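The structure displayed is predicted, hence computed values, not measured ones. We name chains A, B, ... by the order of the sequence lines, and we start the count at 1 in each one.
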Amino acid sequence: MNMVNIGRPTRPENGFEAPAAGQALQQPEALIFELGGWDKTGVDLPEPELDVGDLGDLVRSERIGLPGLSEPEAVRHYVRLSQKNHAIDLALYPLGSCTMKHNPRLNEKLARLPGLADIHPLQPVSTIQGALELMDALAHWLKVVTGMPAVALSPKAGAHGELCGLLAIRAAHEARGDARKTVLAPTSAHGTNPATAAQAGYAVRDIAQTADGRVDIADLAAKLGPDVAAVMVTNPNTCGLFERDVLEIARLTHAAGAYFYCDGANFNAIVGRVRPADLGVDAMHINLHKTFSTPHGGGGPGAGPVVLSEALAPFAPAPWIVHGEGGLELVEHNQGQAARALGRMCAFHGQMGMFVRAYAYMLSHGADGLRQVADDAVLNANYIKARLSDLMTPAFEGPCMHEALFDDSWLEGTGLSTLDIAKALIDQGFHPMTIYFPLVVHGAMLIEPTETESKAEIDRFIAALRAVATAAKAGEGERFKGAPYNAPRRRLDETLAARNPRLVWKPPA
Amino acid sequence: MNMVNIGRPTRPENGFEAPAAGQALQQPEALIFELGGWDKTGVDLPEPELDVGDLGDLVRSERIGLPGLSEPEAVRHYVRLSQKNHAIDLALYPLGSCTMKHNPRLNEKLARLPGLADIHPLQPVSTIQGALELMDALAHWLKVVTGMPAVALSPKAGAHGELCGLLAIRAAHEARGDARKTVLAPTSAHGTNPATAAQAGYAVRDIAQTADGRVDIADLAAKLGPDVAAVMVTNPNTCGLFERDVLEIARLTHAAGAYFYCDGANFNAIVGRVRPADLGVDAMHINLHKTFSTPHGGGGPGAGPVVLSEALAPFAPAPWIVHGEGGLELVEHNQGQAARALGRMCAFHGQMGMFVRAYAYMLSHGADGLRQVADDAVLNANYIKARLSDLMTPAFEGPCMHEALFDDSWLEGTGLSTLDIAKALIDQGFHPMTIYFPLVVHGAMLIEPTETESKAEIDRFIAALRAVATAAKAGEGERFKGAPYNAPRRRLDETLAARNPRLVWKPPA
Amino acid sequence: MRYLPLTPSDREAMLAAVGVAAVDDLFVDVPEAVRRKGLVDLPLHQGEIEVERRLGQLSARNLAAGSAPFFCGAGAYRHHVPASVDHLIQRSEFLTSYTPYQPEIAQGTLQAVFEFQTQVARLTGMEAANASMYDGSTATAEAVLMAMRITRRSKAVLSPGLHPHYAETIWTLAHAAGGKIERLPLAVDAEAKALDAIDGDTACVVVQTPNLFGTASDLTALAEAVHAAGALLVVVVTEAVSLGLLKSPGEMGADIVAAEGQSIGNGLNFGGPYVGLFATRDKYLRQMPGRLCGETVDADGERGFVLTLSTREQHIRREKATSNICTNSGLCALAFTIHMTLLGEAGLRRLALLNHQAARKLKAGLEDVAGVEVLTPRFFNELAVRLPRSAGAVTEALAARGVLAGVPVSRLAPGAGLDDVLLMAATETTTDDDISRLCGALAEALA
Amino acid sequence: MRYLPLTPSDREAMLAAVGVAAVDDLFVDVPEAVRRKGLVDLPLHQGEIEVERRLGQLSARNLAAGSAPFFCGAGAYRHHVPASVDHLIQRSEFLTSYTPYQPEIAQGTLQAVFEFQTQVARLTGMEAANASMYDGSTATAEAVLMAMRITRRSKAVLSPGLHPHYAETIWTLAHAAGGKIERLPLAVDAEAKALDAIDGDTACVVVQTPNLFGTASDLTALAEAVHAAGALLVVVVTEAVSLGLLKSPGEMGADIVAAEGQSIGNGLNFGGPYVGLFATRDKYLRQMPGRLCGETVDADGERGFVLTLSTREQHIRREKATSNICTNSGLCALAFTIHMTLLGEAGLRRLALLNHQAARKLKAGLEDVAGVEVLTPRFFNELAVRLPRSAGAVTEALAARGVLAGVPVSRLAPGAGLDDVLLMAATETTTDDDISRLCGALAEALA
Ligand SMILES: Cc1ncc(COP(=O)(O)O)c(C=O)c1O
Ligand SMILES: Cc1ncc(COP(=O)(O)O)c(C=O)c1O
């Protein structure tokens with residue numbers, strides 16, 4: 001056998017797979033279903049004393065087919081898997097629109113305090129006064145930083161918050177007998193915007209974009225009318241730009257009897273500097289898992305509280321907190337207008353675990369820190385933009401907000417695509433930027449560093465991207481097409497996966 | 001630049017170092033002193049209100065030279081470093097004599113309970129009754145599994161326990177006016193044995209070893225005499241063998257007026273099956289960080305309680321626990337014989353953090369589990385021995401205990417050494433076995449799997465080692481000499497390090 | 001400020017590289033009128049010591065479930081989660097990674113999701129499962145929307161045992177899009193009533209087992225009747241541990257299963273974050289909401305995993321997507337998967353048995369308390385009991401005695417005329433002593 | 001049994017491969033008479049739930065420092081440790097690795113140790129530091145042995161402010177090997193007294209600053225006198241945070257510094273595990289005890305780190321080793337390094353100032369309590385006070401009032417005639433409220 005097995009693992013006698021070059025610490029790892037533990041368990045539980053005769057034939061008779069592992073095996077399995085991931089804790093993670101910032105471990109610790117983690121959502125209210133106070137305090141912070149008078153905490157993520165906001169808008173219109181059927185949103189909008197509008201029962205119409213990446217006011221004005229329920233605009237928008245005409249957008253929207261829904265996913269860029277209320281916003285969700293740093297966890301959970309204007313506040317979903325005589329109270333059933341209107345977004349009261357983390361994050365930053373967050377996030381993005389603009393083509397002129405957007409025109413003639421650049425960046429040790437979003441920019445590369453990156457790390461990232469860009473222009477095409485070479489897996493065949501979906505493990509035939 | 005930079009990183013424009021092949025997730029990482037944070041801090045503390053005028057010129061005037069990092073940078077720095085380590089949680093870690101077994105996370109959690117972690121060693125005894133009860137309970141378990149009547153908990157590691165035991169022996173001899181000057185120990189003994197004996201003021205004499213890897217009883221008998229204070233024997237011994245004649249060793253030792261010190265580092269092999277008291281042992285340390293699974297932590301901390309026979313019990317060091325009228329009491333000052341004799345091994349009461357973990361481990365296993373530990377540890381070692389004996393040369397015949405020992409005679413003619421085998425094993429994704437220990441076996445390779453390995457992982461290890469051995473015999477010499485190729489570093493120059501010691505970072509000249 | 005790495009001199013150098021004099025110059029696109037000069041009206045930044053003190057005080061003002069005899073359930077259950085689960089999900093590589101958009105450097109997350117999907121499919125007796133929903137209630141609402149898409153019908157019938165929060169969530173999500181929701185009055189053991197409400201426009205019947213009152217039912221006959229009417233059966237499970245003991249929804253004929261996975265791997269957390277399980281038959285795959293992880297190969301032919309069938313999803317299909325969900329419950333799903341891997345089939349089965357046993361002991365205890373009537377005929381780990389007076393008042397009285405006795409139905413459905421009914425759950429964490437303290441306190445309170 | 005992966009069929013297959021019928025056959029070398037057939041007399045295995053319950057009960061029977069006004073010190077200090085420290089040291093790769101014997105796959109540990117050594121050397125003002133000792137007391141004892149080796153003299157003079165546990169530990173380690181220990185009677189501020197005890201056989205003077213009574217001293221003159229006598233000065237520091245404010249031992253002329261590093265990165269833990277810091281001058285390198293990490297290069301010329309100078313150590317030199325230490329305090333040292341990296345010089349300095357300030361506030365508060373006399377002339381964060389009655393009794397009385405007031409000297413040195421002296425420390429975690437609650441309770445207890 002070949003001891004220096006660059007590339008593909010070799011298969012020596014008895015089937016042992018040697019790790020590939022550079023991967024002495026990267027252990028290969030099978031699926032739990034292949035590890036053979038059909039009768040094992042890693043949990044010691046006492047022998048039950050009673051039988052289940054009382055349940056008769058409600059009892060399962062067949063095997064479920066769930067493998068078990070002893071604790072050492074299970075721990076090793078998931079530790080090995082973990083090492084096949086990139087993470088913020090490993091390096092800059094410049095996914096535009098995702099705000100991959102540092103996740104303070106203090107917040108993890110606090111979210112596990114027994115009095116916050118080990119409480120039931122339906123315990124008597126007298127036994128959860130601290131929890132309600134925390135939610136009330138978080139609501140206060142969110143209202144003050146946005147300038148808005150009300151907030152619904154229960155939505156479970158950004159998209160869920162969007163839905164909450166649009167349903168409140170629908171309820172408000174319905175309450176005055178003014179049923180409307182359309183939502184306007186720019187083409188650059190995040191996919192959740194049109195998807196949410198549809199889920200809320202609206203037709204979606206696109207708003208055109210100007211050459212400088214903003215909402216085309218004339219087009220907006222033209223499309224506004226008595227059937228338009230809401231205008232959904234992301235601000236700063238998904239091109240990483242502040243909507244210069246935001247006040248005019250609000251004015252036109254309101255003049256047409258519609259509401260202004262702002263997608264607040266990019267709030268990180270302006271927190272402490274601009275209050276959405278001052279922009280005329282009626283509803284805006286806040287991704288606590290972006291701006292307020294609750295961890296992304298490989299896909300979730302997040303939390304998407306929605307701040308609401310006076311006009312929409314009466315239509316907030318249950319539950320909400322009121323200050324009563326004997327302490328804080330939880331209103332769990334809608335009364336008045338909202339009762340007929342919105343209802344509830346989900347069981348219980350929202351993502352408490354995220355509230356704790358976000359509140360700790362806010363207290364840690366304070367008014368001064370939050371403003372500095374915006375400043376540094378914006379500065380970092382502009383610095384990256386400035387340092388790359390000679391090699392790559394910025395999609396728009398002028399300063400950006402918290403993310404720098406490039407198109408792929410600089411790749412013309414290289415035969416390479418945005419995807420190739422992304423995969424080559426993996427070989428340099430970085431997670432790629434967001435690619436092909438927003439849709440309005442060809443071959444978009446959206447780079448969001450966030451404020452928690454040091455200049456040194458940003459410089460390292462710039463150097464890596466410059467190296468990749470230089471190589472691309474030098475025509476080293478083959479190397480891009482094969483990338484990544486250095487990751488736990490080579491380029492994965494996504495077409496095959498979709499063509500012949502294998503979503504669960506099946507025993508080999 | 002070369003995008004597929006197998007081997008050495010390249011240095012493209014602006015000095016960015018690309019990761020080597022297979023290492024897209026392995027970030028290069030400089031020292032904190034090179035990260036430039038001379039004025040940064042990652043800890044927010046309030047502005048002090050008072051000055052330090054009262055301290056006059058006791059106050060430091062010069063800079064200390066300690067760099068600081070913001071929290072995101074510090075977290076990333078140490079996470080990146082961590083990924084350059086092998087660990088039990090990544091794969092089998094067969095370091096003989098080290099008992100690298102699974103470290104349950106439950107024990108980590110329990111050791112952090114505020115009532116166990118956040119208590120001061122000198123709080124009023126009324127406020128630490130739970131802590132004393134835990135120590136008392138741990139002592140009970142240790143006494144029952146060893147059959148010994150007393151235990152000193154305070155020693156901080158195995159070697160410290162050895163010292164405690166030998167000092168108790170010295171005190172016992174001195175108490176009867178019988179000052180003795182020599183300790184006997186086999187050549188195969190762990191280095192701490194002779195080092196401890198010397199530190200306890202004894203001369204050390206070697207005991208010869210038989211051809212089958214045990215203490216040579218005849219040699220022992222010949223060397224025993226009125227000057228011998230103690231015989232130090234490891235059992236199971238460092239060749240991984242049970243000392244068949246242990247009862248005779250004890251008898252001869254006692255007959256000569258000496259004490260039998262047993263190095264209990266290998267207790268894992270016999271726990272629940274053999275009680276050291278039944279072997280005639282007078283003192284034995286127990287490495288809680290081996291047999292009882294407290295984590296090794298990259299070098300420590302450990303804990304080395306010493307069980308003592310009736311004869312030695314009166315000479316135990318302070319502190320100890322007694323059951324008083326109003327609860328448990330802590331005797332912190334030696335009274336009686338011990339006062340003049342041993343004194344105290346260290347400040348405070350020993351490694352409480354390790355006591356909690358070891359106690360939780362013992363409760364989790366129970367009498368039945370502890371015996372199964374020994375069974376499985378021994379079975380795993382014998383299985384490895386059986387599966388490798390056709391390719392490699394076992395140092396001794398017959399069943400082994402918890403570790404399998406090979407010599408390097410099977411490498412004859414290959415031009416390769418034990419070290420080369422070890423480094424090649426790194427390339428296969430495993431941590432090497434203990435090498436060149438015990439000294440009595442040429443080119444020793446000591447493999448201890450422990451009981452917390454699955455058969456599948458052991459088979460994977462066997463396959464890797466067989467692959468290496470096969471390649472060695474096939475004369476693929478060059479590949480060994482260069483190994484490891486796949487680790488975070490190639491083979492490191494230890495001679496250079498010792499010749500020109502650089503133990504602290506110095507700014508580049 | 002500990003989370004902000006830039007130093008004043010970094011900022012200066014960077015501003016110079018950008019070519020502006022001050023950060024303010026980067027905000028020129030913000031209309032002058034809305035640029036805030038000063039700080040917002042909130043306290044300044046604080047250190048860990050202060051933040052920890054504040055949160056510690058808030059925590060201390062709640063009664064933790066673990067420090068009292070505890071019998072609350074109703075959709076959120078207190079189980080023991082092995083310490084290694086929480087340790088593993090806190091690993092940087094899991095905790096601080098994003099949705100696996102770049103699969104080559106996200107195989108850790110993806111393989112775990114693939115394991116999760118397989119576990120969920122097997123547990124529910126279905127063919128396919130997605131990568132998670134927010135929670136059980138939103139998963140159920142999405143199941144209703146999916147049934148409406150599949151059948152092109154617009155009505156959902158909610159059976160009498162469905163958790164009121166779930167019913168309200170379904171209504172909220174479905175009515176705006178034109179769905180009609182028929183909600184049957186709450187009843188302890190009347191799942192079959194749903195049949196009466198089925199009509200030609202019925203997309204699905206939503207039925208929960210064990211239901212709100214703890215009643216476990218065999219739904220096989222119901223499923224057949226629902227199918228005969230051209231509708232789908234959506235089975236809801238709020239206590240995932242029950243699946244270790246009871247017949248699976250798939251075996252009973254479910255078309256879609258929506259479940260709350262919190263019981264496995266996740267703590268109470270005052271109601272969130274939890275993890276919605278969503279499973280269905282292969283034929284409905286392309287109507288599923290949420291992320292799906294699929295197996296594929298890489299350029300070297302090695303097996304690997306990717307997110308797939310994303311043409312269903314909002315980022316590709318936009319207003320035509322099957323759902324607007326983007327962020328899901330990834331880390332909670334990971335906790336579920338790790339805990340389930342530790343349990344294995346043998347452990348899960350035993351866990352379920354212990355839960356059932358605890359509830360039987362609870363029932364036996366309660367039957368000795370004068371005035372208490374157990375209503376639930378067949379149960380897994382939860383019971384409904386009728387008290388001689390308001391369940392809400394009794395619960396508060398017991399809380400004052402340090403016992404968390406359960407969830408009054410009035411808390412969930414104030415107008416349902418069930419003010420004297422209390423829902424009580426027991427799990428493997430319930431001790432005999434807990435039960436006798438409960439019963440003692442209850443006897444006192446009712447005396 | 002959750003930690004044991006082998007299944008019965010695994011065991012069978014393995015026994016077959018080994019060629020024996022039963023595990024018992026592998027224990028044939030154990031004399032028949034001592035082979036135990038049955039189980040030892042201890043309870044059977046327990047699950048996490050039971051173990052957690054038991055340890056939780058034990059924990060609840062202690063009064064945690066964080067839940068009371070707390071003023072204990074005397075060699076162990078309660079500081080705030082940032083949450084990220086504990087998170088990082090629990091990473092599998094740090095927690096579950098061994099001493100870095102194979103450096104190519106232990107660069108994480110080794111680089112951290114190299115950072116630790118540099119931090120310790122700089123903090124103490126010395127040229128070199130080792131990879132850690134068990135704790136401050138054993139480090140001090142090893143320093144004495146080292147001084148004896150270097151000077152080939154056999155006597156150590158222990159100054160009047162040295163912590164009694166340290167003095168006893170020195171005696172224990174040194175006397176067996178023939179060392180003579182001269183221990184001067186405890187005194188608040190009399191370090192210079194040590195000079196009177198120096199003779200031609202004196203290897204070293206051991207002096208602590210701040211000393212047991214909290215007194216901080218400039219040792220420059222003492223160092224000169226000690227050196228003039230041909231002896232070495234061993235400086236002991238039990239409160240590492242003080243090094244952020246006070247002149248370093250190196251600057252004052254220390255030859256060896258032995259310190260307790262617990263204050264940085266490590267909790268109280270009832271006395272252990274802690275971390276001994278050990279630093280000295282380059283010229284004494286080869287007499288140092290313990291592991292040393294050194295810089296080198298790999299086969300490709302890349303910088304890397306290895307354990308070095310191991311010819312000093314037990315595994316190479318055996319009975320001629322400089323010490324018998326093997327396992328040290330690796331993980332505690334890592335915690336120290338991470339905390340120190342987070343603090344940086346700016347943070348450490350501020351932390352030290354806040355500690356000093358807290359002690360000044362404590363002093364001011366105590367001076368208002370009738371009958372209390374502050375004895376310490378110059379202090380960092382700890383004070384000795386004389387009470388009008390037994391300090392032990394007062395401490396117990398205050399504990400009953402929920403205040404942990406400090407450490408009575410009688411607890412450490414019962415026969416020293418200082419039964420009325422109490423040692424009291426304040427740190428950055430001490431609030432003004434803590435101090436007023438202490439002073440209130442003290443006034444009451446003394447009234
Ligand atoms: C601009 C924008 N809007 C909305 C969302 C949806 O938020 P969530 O994923 O929390 O549902 C995202 C998230 O990626 C986003 O970037
Ligand atoms: C046989 C033997 N004895 C003694 C020791 C010393 O124990 P410690 O490292 O805990 O001081 C060891 C540790 O490696 C050992 O293997």
Under 3.5 Å side-chain donor-acceptor pair for B:N85 and D:T109: yes
Under 4.5 Å from any heavy atom of chain D - which part of B:P484: side chain
Residue part contacting chain D, namely of B:R273, when any heavy atom lies under 4.5 Å: both
Contacting moiety of B:A303, where chain D heavy atoms sit under 4.5 Å: neither
Parallel, tilted or perpendicular, as decided by the 30° and 60° cut-offs, for the rings of D:H163 and B:F348: perpendicular
Reported NE2-to-SG distance for the pair B:H160 and D:C326, which is rounded to 0.5 angstrom: 13.5 Å
Region of B:R344 in contact with chain D, defined by heavy-atom distances below 4.5 Å: both
B:H120, part contacting chain D, at a heavy-atom distance under 4.5 Å: both
Which atoms of B:L95 approach chain D - backbone, side chain, both or neither, heavy atom under 4.5 Å: side chain
Lys/Arg-Asp/Glu bridge criterion (N-O < 4.0 Å) met for B:E332, D:R411: yes
side-chain hydrogen bond (donor to acceptor under 3.5 Å, both in side chains) evaluation trace for D:T341 with B:Y78: CA-CA 10 Å; D:T341 297; B:Y78 291 103; 2.9 Å; yes
Engaged part of B:L55 at the chain D interface, taking heavy atoms whose separation is under 4.5 Å: side chain
Straight-line distance of D:L55 CG to B:L134 CG, nearest 0.5 Å: 6.0 Å
Structural part of B:L110 lying under 4.5 Å from a heavy atom of chain D: side chain
Part of B:H77 within contact of chain D (heavy atom distance under 4.5 Å): side chain
Test of ring centre spacing under 6.0 Å for D:H315 and B:F437: no
Which atoms of B:N380 approach chain D - backbone, side chain, both or neither, heavy atom under 4.5 Å: both
Which atoms of B:K423 approach chain D - backbone, side chain, both or neither, heavy atom under 4.5 Å: side chain
